[in-house]
Amino acid sequence: MDGEPLVRWPWIGDHLGYLWGLLLDHAVISLVPVLIGLALALPLGLLCTRFPRLYQPLAAVFNVVYALPSLAVFVVLIPYTGLATQATVMIPLTCYALAVLLPTTVDGLRAVPEPVRQAATALGYGPWRRLAAVELPSAVPYLMAGLRVAAVSSISLASVGALVGRGGLGYLFIDGFQRTFPTPIVAGIVLVAVLALATDAVLLLARRLLAPWAVRESAVGR
Amino acid sequence: MNWFSWLSTFFTDPDRLHGPDSIGNRVSEHLILTGEALGLAILLAVPLGLLLGYTGRAAGLVTALTGAARALPTLGLVTLAVLVAGVGDTAVLVPLVALAAPVLLVAACEGVRGTDPDLRDAARGIGLTHPQVLWQVCVPWALPALLAGLRTAAVQVIATATVAAYVGLGGLGRYVVDGLATKDFPQTLGGALLVVLLAVATQLIFAALNRFALPAGLRRR
């Protein structure tokens, strides 16, 4: 890298459309898995609070899942899902999101104080109405905290998918490295960070709107 | 398309037993890189975290910084560091430390901050100085949190050190990256499996540490 400036602005100006495309691809492959993970974590978490014996083994499994290196999982899936396909990257990311979201869902649903549940029952709420009106809203701050962690790590993990051919913005790292040209790498880092922080900010805002009573950040620290 | 025959091809290859491409050598390279990164991160983050947690200053800032650090993609940092600093351990250590340090910083800070305030008051009351309170009361109290942070950091660094191979360094990522480049799936899968085993073994070791290495008074937690 002889005298090469870290960022060559004209390159960025010439490639805005390209960068935008990668950003959208990145958002899809990293955030759709988080949504699928949430859709799976809610019923599963509910099942775990109704049948507490289910939770320990499931939690152990997801604890191991969370420890699996992303690149290794991408690679292991290649024979089944193919090289450079969305599934190869999105299936592991869904598992990671689920591994983060299941414990937070269960914690959230369990956080309802017993007297509150009893009060709801005393008012004549059936189990489903109690769930919808009391238990789920109480779980929202926990869920949002889990979603923030899941979304931010999913966004930064998805770029590793570039090594197996499908990584959205991660492709910029491979591209820049192979051409010994740092501009795409810097652009990639900045865009990944911006996407992650913007998603985080949106989730934080959503939490303020959905659960205005939970103002204190550390109440749900994780 | 057969997983098991691929794995047996990989593990029975004579190259895997001796020489630079042997499993033993790659595992030790991986562990050394991981150890260096974790060691540096501990030196940088833990004392600072303990101090910030004890004084209660900047705790919000610590949390915010950690969130921001989590948003940085390590693959990007590694490739950029190599282009800027050249191939070498330093280029990979910087991003790995950047990955591990925030986790440890928050663990130390939150661990100390969570110390029962009555306990701290009592310790001050019987005449302990601030450093003594930190060392004899808050640090043991924060040990479970610290160990949990260390476990997360270790697993993340082990997983991410795989990326080092992409920029030309050794470690278990060598198998994954070389296998991908030459479409040698037995090698890629074998490497991936070894990384998984290493990560899971680390989890188990920390689970054991958590059970046995703590003062008896803290085990109830």
Side-chain angles (χ1 to χ4, degrees), chain A residues 1 4 6 63-64 66-80 83 148-149 152-153 155-165 167 169-170 172-178 180-182 184-200 204 217-218 221, chain B residues 1-3 6 59-60 63 67-86 99 106 110 113-114 151-152 154-156 158-163 165-167 172-173 175-177 179-180 183 185 188-189 191-196 198-200 202-204 207:
Chain A
M1 209 183 90
E4 172 79 54
L6 209 53
N63 208 2
V64 172
Y66 198 63
L68 300 182
S70 52
L71 180 59
V73 185
F74 295 150
V75 163
V76 167
L77 279 178
I78 289 177
Y80 303 101
L83 200 61
R148 290 175 64 196
V149 174
V152 171
S153 46
I155 288 169
S156 95
L157 279 178
S159 51
V160 176
L163 290 176
V164 295
L169 293 165
L172 292 169
F173 306 145
I174 309 290
D175 186 30
F177 184 70
Q178 283 171 351
T180 344
F181 177 40
I185 301 180
V186 176
I189 294 175
V190 170
L191 287 176
V192 169
V194 165
L195 182 62
L197 295 178
T199 309
D200 197 43
L204 198 60
E217 187 70 14
S218 58
Chain B
M1 284 287 279
N2 189 337
W3 246 72
W6 281 351
T63 322
R70 198 161 30 209
L72 290 176
T74 314
L75 180 60
L77 295 186
V78 170
T79 47
L80 185 65
V82 169
L83 289 195
V84 172
L99 182 76
V106 163
E110 292 296 319
R113 227 158 63 102
R151 178 173 75 178
T152 311
V155 169
Q156 280 185 354
I158 286 176
T160 314
T162 323
V163 173
Y166 182 70
V167 294
L172 289 170
Y175 296 138
V176 179
V177 171
L180 275 175
K183 300 237 182 293
F185 278 124
T188 305
L189 269 184
L193 184 72
L194 287 172
V195 185
V196 168
L198 202 59
V200 172
T202 309
Q203 284 270 38
L204 292 179

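All chains are named by letter (A, B, ...) in the order of the sequence lines, taking the proteins before the strands, and each is independently numbered beginning at 1. The shown structure was predicted, so the numbers you read here are calculated from the model rather than taken from an experiment.
Side chains of B:Leu72 and A:Ser156 form no contact here, defined as non-hydrogen atoms less than 4.5 Å apart. Within the 4.5 Å cutoff, no side-chain heavy atoms of A:Phe173 are placed close to those of B:Tyr166.
Only the side chain of B:Val200 comes within contact range of chain A, with at least one heavy atom under 4.5 Å from a heavy atom of that chain. Interface residue B:Val167: backbone and side-chain heavy atoms are both found under 4.5 Å from chain A. Within the 4.5 angstrom heavy-atom criterion, no atom of B:Leu198 approaches chain A. If you measure heavy-atom distances from B:Val176 to chain A, the contacts under 4.5 Å come from the side chain alone.
Nearest heavy-atom pair, B:Ala71 versus A:Leu197, reported as atom, atom and distance to 0.1 Å: CB-CD2, 4.2 Å. Here the shortest heavy-atom pairing between B:Leu83 and A:Phe181 reads CD1-N, 3.7 Å. B:Leu180 and A:Leu163 get closest at one heavy-atom pair: CD1-O, 3.5 Å.
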> Between A:Val160 and B:Thr160, does a side-chain contact (heavy atoms from CB on, under 4.5 Å) hold up when you go through it step by step?
Replying inline: CA-CA 9 Å; A:Val160 176; B:Thr160 314; over 6 Å; no
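Contacts with chain A were tallied for B:Thr162, B:Thr74, B:Thr152, B:Leu75; B:Leu75 has the most, counting heavy-atom pairs under 4.5 Å. When the candidates B:Gly86, B:Ala192, B:Gly173 are compared by the number of heavy-atom contacts under 4.5 Å with chain A, B:Ala192 comes out ahead. Between chain B and the options A:Leu172, A:Val190, A:Ile174, A:Leu157, the largest number of non-hydrogen pairs under 4.5 Å is found for A:Ile174. When each of A:Val186, A:Val152, A:Ile189 is scored by its heavy-atom pairs under 4.5 Å with chain B, the top score falls to A:Ile189.
Taking OG1 of B:Thr79 as the start and CG of A:Asp175 as the end, the distance is 10.5 Å to the nearest 0.5 Å.
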Side-chain donor-acceptor contacts of residues 67-79 of chain A below 3.5 Å, not counting sequence neighbours, with atom names and distances?
none

